[in-house]
There are 4 protein chains.
Amino acid sequence: MTIEKKELIRQAAVKIIARDGFYNTKTSKIADEAGVAVGTIYNYFHSKDEILEYIFEVEFEKRINYLKELDDKEISIHDKLSLFIEKHFQEIKNNLDTAQILVREKEFPKTSDFSSILSYLNEIPLLLESMLDEAIEKEEIREQNSTIIAGLIFGALQGVVEKALRTNNLDLLDNAEEEVLTFFKNGI
Amino acid sequence: MTIEKKELIRQAAVKIIARDGFYNTKTSKIADEAGVAVGTIYNYFHSKDEILEYIFEVEFEKRINYLKELDDKEISIHDKLSLFIEKHFQEIKNNLDTAQILVREKEFPKTSDFSSILSYLNEIPLLLESMLDEAIEKEEIREQNSTIIAGLIFGALQGVVEKALRTNNLDLLDNAEEEVLTFFKNGI
Amino acid sequence: MTIEKKELIRQAAVKIIARDGFYNTKTSKIADEAGVAVGTIYNYFHSKDEILEYIFEVEFEKRINYLKELDDKEISIHDKLSLFIEKHFQEIKNNLDTAQILVREKEFPKTSDFSSILSYLNEIPLLLESMLDEAIEKEEIREQNSTIIAGLIFGALQGVVEKALRTNNLDLLDNAEEEVLTFFKNGI
Amino acid sequence: MTIEKKELIRQAAVKIIARDGFYNTKTSKIADEAGVAVGTIYNYFHSKDEILEYIFEVEFEKRINYLKELDDKEISIHDKLSLFIEKHFQEIKNNLDTAQILVREKEFPKTSDFSSILSYLNEIPLLLESMLDEAIEKEEIREQNSTIIAGLIFGALQGVVEKALRTNNLDLLDNAEEEVLTFFKNGI
DNA sequence: GATGAATGAGTATTCATTCAT
DNA sequence: AATGAATGAATACTCATTCAT
């Protein structure tokens with residue numbers, strides 16, 4: 001029961017923050033959207049910051065679990081990338097509001113504990129990096145700086161989503177999967 | 001004389017905003033850093049928002065002017081990309097604080113007129129897109145969705161910078177130019 | 001409950017604004033006087049301006065309602081004036097602070113919506129005017145420009161109050177009713 | 001030469017303050033209107049407050065000098081009032097901006113020295129009062145409280161001007177003189 | 001005298017958070 | 001657990017005044 005309410009608040013927050021941006025979002029607006037009183041929010045979150053943290057947490061957890069699974073599989077790097085990108089765009093299309101937040105909110109208060117977000121933001125590229133390293137070792141792909149390339153890939157995915165959202169051209173996302181994959185396969 | 005003071009304030013703002021983030025930056029801190037009174041800021045900018053806008057404007061103008069020059073040159077897309085990326089990383093290394101701001105500040109107040117920033121944010125990918133279109137037509141590169149790929153490239157560049165700044169591994173930027181270029185040349 | 005708090009704030013504001021003048025009154029002083037936090041003021045008023053507006057509204061409403069009642073009565077203009085003036089001075093003596101505000105605050109911010117105040121300021125003379133017109137028609141009083149005379153009467157009442165407050169001679173108000181009435185009855 | 005500039009600034013201030021109100025008037029606007037630099041204002045006035053004080057001073061001086069002259073004349077109170085009112089409305093029509101200020105600006109900062117304004121504001125009713133007292137003694141007019149009636153007359157004159165300005169009906173002023181005079185003559 | 005950029009004390013307003021009900 | 005009125009620290013911005021040129 002109470003878990004459902006936390007989820008209710010998270011979803012309301014996603015909607016409002018996607019529209020207005022985190023710093024321009026008032027807790028009262030989130031409460032309105034969720035149909036609860038402001039005070040109720042604080043029964044499930046210690047602070048406004050924590051809501052954002054939780055949004056990131058939920059979303060990244062999906063990606064990371066999937067990436068870890070992939071990492072363990074005995075398939076080519078191309079197939080791994082293919083599956084990850086498919087999953088990624090599927091999630092994006094599934095929830096554009098969350099996507100908006102993931103690509104836009106990059107300014108975290110120093111005072112709050114955003115360490116979990118930051119570790120997530122680091123962890124995805126790190127997993128990509130380890131995939132690449134493995135593939136380089138196996139000589140599946142050419143020698144390359146896996147740290148840089150992992151950052152590049154992570155950023156590239158965000159760039160495509162940003163482009164689609166900024167120009168309000170969501171059809172772009174339909175073709176994105178294939179285009180991105182081809183580019184990456186050639187690139188690495 | 002007055003132009004110098006506006007520039008002085010811009011530089012102070014860049015430093016503080018890079019460190020604390022725009023929303024966590026107080027105008028009084030910028031004034032302190034610039035060695036002027038708060039009121040003086042408002043002799044050169046109408047609002048705090050406008051300072052951020054100006055920072056983006058100055059920086060994007062460099063990129064866009066350079067890209068426009070390149071676009072007119074009769075050289076291969078590979079050379080164009082090469083020159084642009086060289087210029088890009090040169091500017092980044094030249095001013096890491098500005099770089100930090102460019103990759104982090106993506107939440108613009110709706111009330112203010114950030115149209116100029118937004119148009120800049122659109123213009124760079126658009127220029128890349130037109131370069132790609134031209135190259136596709138000339139059959140320099142394979143058929144591809146230039147809109148998506150332009151977004152991808154723009155995002156990828158930001159991803160690399162973000163990675164370097166987030167992990168505080170600035171050496172990464174030294175190799176980035178070559179790695180990114182190779183990836184892009186193969187990718188397109 | 002909440003209505004009581006709005007009234008509490010209004011009364012505190014009346015006291016401070018009467019003493020210091022609207023433009024020299026700080027919201028924090030009003031809050032102190034009311035025994036609430038500054039923020040609480042803004043739960044009941046949108047702005048400092050709106051407090052002043054509300055003060056006028058409350059006070060004028062009393063006068064206007066009374067005038068409208070009188071207007072409907074089948075009594076002579078002399079009796080109407082007599083009753084209105086009696087009521088007026090009674091209210092004044094009842095709350096000198098409000099009186100002070102009514103006669104002193106005549107500079108309304110253009111940015112705010114003071115239309116309601118302005119309409120009140122027009123309405124009282126207009127009601128007086130219609131009373132006079134009726135009396136002229138009935139030949140109770142001589143032919144005269146009712147617009148001018150209404151303005152004159154409204155101003156005269158303020159002049160007497162101003163005089164009493166400025167010279168801090170409140171006893172003046174005790175005789176004012178009779179003196180003013182005699183003057184008006186002769187005048188019209 | 002310098003006297004001319006002080007006058008220039010006074011006239012500019014009258015125009016702006018009449019339009020926007022004293023508290024909503026910026027010194028920079030006055031400077032603009034006068035075609036001088038802000039700093040120049042401070043060569044002729046010690047403060048913004050002093051400008052308002054000076055405006056009142058100039059205007060009241062005219063009235064008071066005239067009243068004093070009248071007081072000394074051996075004419076009936078009716079003639080005195082008649083001449084004063086004629087003079088008054090003549091001045092008003094001559095400069096509506098000043099009139100606007102005289103009727104509207106009643107909130108004086110306590111910190112500044114507005115004593116001269118206040119004494120002027122007192123002095124006119126006092127002179128009227130002494131005229132009335134003399135007339136009462138001479139049995140030109142009935143027994144009455146001259147203090148109250150002087151306040152009443154002073155306020156009534158303001159009321160008529162306020163009415164004309166508020167309703168933007170300046171034609172009213174043309175008839176005002178006669179109407180007011182008749183009313184007063186009957187009233188006293 | 002004239003200038004106008006620089007100053008910084010002053011203030012209305014906001015909004016995340018609390019806590020009595 | 002839920003509520004939402006009350007809180008008050010925090011802060012962008014203003015504008016009268018100064019003073020070096």
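In what follows, every heavy atom counts, from backbone to side chain, and hydrogens, waters and symmetry copies are set aside. Order of the sequence lines sets the chain letters (A, B, ...), proteins ahead of strands, with each chain counted from 1.
For the pair I41(A) CD1 and dA1(F) P, the computed distance is 15 Å after rounding to whole Å. Rounded to an integer number of Å, the gap from D32(B) CG to dA6(E) C1' is 15 Å. At whole-Å resolution of the value, CD in E50(B) and P in dC13(F) are 10 Å apart. As a whole-Å value, the separation of I30(B) CD1 from dA6(E) C1' is 17 Å. In this structure, I17(C) atom CD1 and dA12(E) atom C1' are separated by 14 Å, rounded to whole Å. Put simply, CD1 on I9(B) is 12 Å from C1' on dT7(E), counting in whole angstrom units. In this structure, CG of N24(D) is placed 14 Å from P of dT14(F), rounded to the nearest angstrom. For L8(A) and dA2(F), the CG to C1' distance is 13 Å, given to the nearest whole Å.
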Requested in this report: Decide ring-ring contact (aromatic ring centres under 6.0 Å, His included) for F45(B) and Y54(B); before the verdict, give the C-alpha distance in whole Å, the side-chain angles of both, and the deciding distance to 0.1 Å.
Outcome: CA-CA 9 Å; F45(B) 297 94; Y54(B) 185 60; 5.6 Å; yes
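In this structure, the side chain of E105(A) does not engage the main chain of L52(A) through any donor-acceptor pair within 3.5 Å.
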Report summary line: For nucleotides 13-21 of chain E, 5' to 3', base contacts (B), sugar-phosphate-only contacts (S) and non-contacts (-) with protein non-hydrogen atoms under 4.0 Å give BBSBBB---
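The minimum heavy-atom distance linking K48(D) with T25(D) is given by the pair NZ-O, 2.8 Å. Scanning all heavy atoms of the two residues, the minimum distance from T40(A) to K5(A) falls at CG2-CD, 4.0 Å.
Among pairs with a residue in residues 23-42 of chain C, those fulfilling salt bridge (charged side-chain N to carboxylate O under 4.0 Å, His left out) read K15(C)-E33(C), at least two apart in sequence or across chains.
Judged purely by distance below 3.5 Å, without hydrogens or angles, the side chains of Y120(C) and E61(C) pair a donor atom with an acceptor atom. For the 3.5 Å distance criterion, the side chains of Q158(D) and K106(D) qualify, holding a donor opposite an acceptor.
In this structure, of dT3(E), dA2(E), dA6(E), it is dA6(E) that holds the atom nearest to the side chain of Y44(B).
Using bins of under 30°, 30° to 60° and over 60° for the plane-to-plane angle, the ring pair F114(B)/F108(B) lands in the parallel bin.
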Report task. Report the secondary structure of DNA chain F in dot-bracket form, marking unpaired bases with a dot and bases paired to a different strand with |, and treating Watson-Crick or G-U pairs with both distances under 3.5 Å as paired. Result -> .||||||||||||||||||||
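Rounded to the nearest 0.5 angstrom, I55(D) CD1 and R10(D) CZ are separated by 7.0 Å.
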